[in-house]
Amino acid sequence: MTPAAHIAAAIDVLDQVFEGQAAEQALTRWARGARYAGSRDRAAVRDHVFQALRCRRSYAALGGGQDGRAVMIGALRAEGVDPVTLFTGEGHAPRGLSDGERAVPHPTLSEADSADLPDWLWRVFQTDLGADAMVQARAQRDRAPIALRVNLNMKTLSHSIDMLKNDGVIAGPVEGCETALIVSEGARKIRQTEAYLTGVIELQDVSSQSAMARVTVPQGARVLDYCAGGGGKTLALAARARQGPDHARFFAHDRTPARMADLPSRAARAGVCVTLLESDEIGRHQPFDIVLCDVPCSGSGTWRRTPNAKWRMTPSRLEEFINIQIDILQSSCDFLRPGGQLIYTTCSVLARENMAQIRRFCGANADQYVLEDDLQMPVTETGDGFFFASLIRKY
């Protein structure tokens, strides 16, 4: 496929996404109907689509419209490329520009345009992040890094780097996080590498790794991951736990058990045992020394990975997340022993999902819980936006 054909395919996919289809689903449907497209072609179209979704609002302003065609015209202009050079109508290229499309708009961009956020979300960012609102919003316009967590119980960081290199994946260490690597080449080969297949490395964002590094797992502790999902944080904690006859025990639960489907195989690769629990089984295994609540949230710290999420978020959906979060905190804390540690995390940069929730919980349980540690991590070149808080149960 030519670069112009990639643009044409991206336009078709974007139109489907704008009509309500999930981006991954639209890309999969396109790929199935484009048997001629090789892996590099599929990657190029995917990159166009996701970048257009990250910058949908500003690109639309530069392209003079709201459909996929206008957004891709705006994308080229944002890159300093004249759309005329690719919109030729020749072969599989998009049809040539109309007179109206040739007229380059010179919009006066609002702050929300520049932030590439819906108006209401831009106001939320301003309220919750203050002077950092624009920096954090615009950080979501760039492609996210691919990060790996090294299981240091198996291999050293340098040995892991060499293993990956032998399989065509180039990765380097991250300052400030002893377990993390950032991939610079060969990301699509990761799941076929010896390091991945033998549990030496796992895909995990640097901020998430850094948060779990703040948790000390005592020897013999009983740890419950209450909102486990795929179990990445459980495995990160297990990899840091002390080994021996009195080793820590790990339990995982999710209100939607299907989300944990891959956890047993991932745990087996990592050489750890994780017991999956249904909701009605937790009581039989309590009390726990550590309860981790990685709660459902807006995902505002990860929107560069799932950019269409910010366009589909609504005020009512955000409020629903906030209610779910406090409900999870209140319902999970009963499983903790006196002196135990309640961990609350989100992949959000919004204060209303983070510190405001901790204050709300502590206000309602001031006699029983005390805040021990908290950290808000912003979106950076190496890590997603992430929040961590640790509370101790007094009695």
Side-chain angles (χ1 to χ4, degrees), residues 17-24 50 53-58 60 66 110-141 144 205 207-208 211 226-230 233 254-256 259 292-332 343-364 374-379 383-389:
V17 174
F18 295 164
E19 290 174 3
Q21 196 167 134
E24 292 289 359
F50 272 76
L53 291 173
R54 292 183 191 107
C55 303
R56 176 179 176 178
R57 185 160 181 172
S58 59
Q66 298 295 323
S110 68
E111 287 187 331
D113 290 330
S114 297
D116 272 302
L117 290 173
D119 288 336
W120 75 272
L121 263 177
W122 172 239
R123 291 191 292 271
V124 169
F125 264 59
Q126 288 177 299
T127 299
D128 284 26
L129 284 87
D132 292 329
M134 185 61 76
V135 172
Q136 285 301 288
R138 291 184 68 83
Q140 299 284 18
R141 290 161 47 96
D205 179 66
S207 296
S208 178
Y226 189 66
C227 310
K233 294 173 185 63
D254 199 284
R255 290 185 177 183
T256 306
R259 294 174 181 161
L292 168 64
C293 298
D294 183 39
V295 298
C297 68
S298 65
S300 55
T302 63
W303 281 340
R304 57 186 173 178
R305 300 182 189 276
T306 56
N308 208 36
K310 64 182 176 181
W311 306 112
R312 293 191 173 181
M313 184 61 60
T314 63
S316 61
R317 182 59 173 151
L318 180 56
E319 188 62 29
E320 182 182 349
F321 279 129
I322 290 170
N323 291 333
I324 290 172
Q325 290 157 6
I326 200 67
D327 177 64
I328 287 174
L329 271 174
Q330 291 285 64
S331 59
S332 64
I343 307 295
Y344 177 85
T345 63
T346 76
C347 54
S348 174
V349 296
L350 302 179
R352 65 194 65 196
E353 296 186 275
N354 297 334
M355 203 60 207
Q357 295 286 54
I358 296 302
R359 292 194 183 100
R360 181 179 174 185
F361 176 80
C362 288
D374 67 273
L375 178 67
Q376 176 68 67
M377 288 171 269
V379 180
D384 292 339
F386 199 87
F387 179 75
F388 168 92

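These values consider heavy atoms only, across backbone and side chains, with no hydrogens, waters or symmetry-generated copies.
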Looking at every non-hydrogen atom in both residues, tell me the closest pair between [X] and [Y] and how far apart they are.
{"X": "Gly301", "Y": "Asp384", "result": "O-CB, 3.3 Å"}
{"X": "Asp116", "Y": "Arg56", "result": "OD1-N, 3.6 Å"}
{"X": "Leu117", "Y": "Ala137", "result": "CD1-CB, 3.9 Å"}
{"X": "Ala22", "Y": "Arg312", "result": "N-NH2, 3.7 Å"}

Salt bridge (charged side-chain N to carboxylate O under 4.0 Å, His left out) partners for [X], two or more places apart:
{"X": "Arg359", "answer": "none"}
{"X": "Asp327", "answer": "Arg255"}
{"X": "Arg317", "answer": "Glu320"}
{"X": "Arg138", "answer": "none"}

Listed partners of [X] passing side-chain contact (heavy atoms from CB on, under 4.5 Å), at least two apart:
{"X": "Pro315", "answer": "Trp120"}
{"X": "Cys347", "answer": "Cys297, Thr302, Phe386"}
{"X": "Ala351", "answer": "Asp128"}

Is any side-chain heavy atom of [X] less than 4.5 Å from a side-chain heavy atom of [Y]?
{"X": "Phe321", "Y": "Met313", "value": "yes"}
{"X": "Asn308", "Y": "Val17", "value": "yes"}
{"X": "Lys310", "Y": "Leu53", "value": "no"}
{"X": "Trp303", "Y": "Leu121", "value": "yes"}
{"X": "Lys233", "Y": "Thr345", "value": "yes"}
{"X": "Gln376", "Y": "Phe388", "value": "no"}

Practice item. Write out all pairs satisfying ring-ring contact (aromatic ring centres under 6.0 Å, His included) with one or both partners inside residues 343-364, taking only residues at least two apart or from two chains. Key: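 Counting only pairs at least two positions apart or across chains, the ring-ring contact (aromatic ring centres under 6.0 Å, His included) contacts touching residues 343-364 are Phe361-Tyr369.
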
Gap separating the [atom1] atom of [X] from the [atom2] atom of [Y], nearest 0.5 angstrom:
{"X": "Glu319", "Y": "Arg352", "atom1": "CD", "atom2": "CZ", "answer": "8.5 Å"}
{"X": "Cys227", "Y": "Asp254", "atom1": "SG", "atom2": "CG", "answer": "6.5 Å"}
{"X": "Leu318", "Y": "Ser348", "atom1": "CG", "atom2": "OG", "answer": "8.0 Å"}
{"X": "Ser300", "Y": "Gln140", "atom1": "OG", "atom2": "CD", "answer": "7.5 Å"}

Exercise: do [X] and [Y] side chains pair donor with acceptor under 3.5 Å:
{"X": "Ser58", "Y": "Arg141", "result": "yes"}
{"X": "Ser208", "Y": "Asp205", "result": "no"}
{"X": "Thr346", "Y": "Asn354", "result": "yes"}

Exercise for review: Under the side chain to side chain contact (heavy atoms under 4.5 Å, CB included) rule, what do Met134 and Leu129 come out as? Steps first, then yes or no, please.
Suggested key: CA-CA 9 Å; Met134 185 61 76; Leu129 284 87; over 6 Å; no

Practice item. Any chance you could lay out the side chain to side chain contact (heavy atoms under 4.5 Å, CB included) test for Val349 and Val379, step after step, and finish with the verdict? Key: CA-CA 8 Å; Val349 296; Val379 180; 4.2 Å; yes

Residues forming a side chain to side chain donor-acceptor pair (under 3.5 Å) with [X], sequence neighbours excluded:
{"X": "Thr256", "result": "none"}
{"X": "Thr314", "result": "Ser316"}
{"X": "Thr306", "result": "none"}
{"X": "Glu111", "result": "Trp122, Gln126"}

Exercise for review: Evaluate the side chain to side chain contact (heavy atoms under 4.5 Å, CB included) criterion for residues Gln325 and Glu353: first the C-alpha distance (whole Å), next the side-chain angles of each, then the deciding distance (0.1 Å), finally the verdict.
Suggested key: CA-CA 8 Å; Gln325 290 157 6; Glu353 296 186 275; 2.9 Å; yes

Practice item. Would you check, one step at a time, whether the test side chain to side chain contact (heavy atoms under 4.5 Å, CB included) holds for Ser298 with Leu350? Key: CA-CA 9 Å; Ser298 65; Leu350 302 179; 4.0 Å; yes

Review point. Is there a donor-acceptor pair closer than 3.5 Å between any side-chain N or O of Arg54 and the backbone N or O of Arg304?
Key: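 Looks like yes, one N/O pair under 3.5 Å.
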
